[in-house]
Structures are given as C-alpha cells and as structure tokens.
Amino acid sequence: KLSKFKGPITYFNGTLDIQAPGRRQLDYLKNYTQGLATLPKFNLIEGKGHLLSDHPEYGPIDLDLKEDVIKAILKSF
C-alpha cells in the first residue's frame, strides 16, 4: 500500500495541464496526504502542460525538462 511506503515520492505537474491541473493537484496533496508514511515532494513546473510538454493536453515531456526531472528524482534518494 502506498500509505505504508517509506521511500521517496516525487511528483511533477505542469501549471498548464488541463487533464490534471497542477494547482488543484497541489491542493489535493496538502489536504489528503496526512496518512502517508512519506509525504510527496511536489514539483509544479510553470508553463508546462500534460506530461510536462508545451501542450496542455498531451506530451511527451519536453527535452529541456528531461534532465531536471531525472536530477530531482535521483536527488530524492
């Protein structure tokens, strides 16, 4: 169960994402993650849409963010 997971949780979301709006996801995490063994580290990426691309509805991730995402995940360990 995720509620008992003790490893790092890193979450990325774009401010332009219309499928899973980033600011609404941040509010959800603030209000509904108190029972988790590990709280997620939330990364809100300005100006990016779904799957961290320039488009609000589809990806794939923009190459300019790929290295930043990899570094953030590795840093969490």
Side-chain angles (χ1 to χ4, degrees):
K1 283 178 100 174
L2 186 58
S3 64
K4 296 180 181 182
F5 179 73
K6 294 184 180 172
I9 301 171
T10 305
Y11 181 77
F12 295 88
N13 202 289
T15 57
L16 301 180
D17 189 335
I18 62 174
Q19 293 185 34
R23 297 202 198 295
R24 192 165 37 186
Q25 296 295 324
L26 181 57
D27 289 340
Y28 178 84
L29 288 174
K30 287 179 184 176
N31 294 317
Y32 297 102
T33 57
Q34 296 85 7
L36 295 179
T38 302
L39 295 178
K41 178 166 180 359
F42 186 79
N43 297 278
L44 186 61
I45 310 296
E46 291 292 329
K48 297 298 178 180
H50 197 66
L51 297 175
L52 304 179
S53 74
D54 286 330
H55 196 280
E57 296 177 2
Y58 58 83
I61 187 171
D62 290 342
L63 293 179
D64 62 325
L65 283 177
K66 185 175 107 178
E67 291 298 319
D68 293 338
V69 169
I70 291 169
K71 286 177 189 174
I73 293 169
L74 292 175
K75 184 179 176 184
S76 69
F77 284 95

Any chance you could measure [X], atom [atom1], to [Y], atom [atom2], to the nearest 0.5 Å?
X	Y	atom1	atom2	result
Ile18	His55	CD1	NE2	7.5 Å
Leu16	His50	CG	NE2	13.0 Å
Leu52	Asp17	CG	CG	8.0 Å

Asn13 and Pro21 have their tightest heavy-atom pair at OD1-C, 3.9 Å

Between Ser53 and Pro60, what is the shortest heavy-atom contact and its length? CB-O, 3.1 Å

Let me have the donor-acceptor pairs involving side chains of residues 62-75, under 3.5 Å, with sequence neighbours excluded, atom names and distances please.
residue, atom, partner, partner atom, Å
Asp62, OD2, Lys48, NZ, 2.6
Asp62, OD2, Asp54, N, 3.1

Pair up each side-chain donor or acceptor in residues 30-45 with any protein partner under 3.5 Å, not counting sequence neighbours, and list the distances.
residue, atom, partner, partner atom, Å
Asn31, ND2, Asp27, O, 2.9
Thr33, OG1, Leu29, O, 2.4
Gln34, NE2, Lys30, O, 3.0
Gln34, NE2, Asn31, O, 3.2
Thr38, OG1, Phe5, O, 3.2
Thr38, OG1, Lys6, O, 3.3
Thr38, OG1, Gly7, O, 3.3
Asn43, ND2, Tyr11, O, 3.3

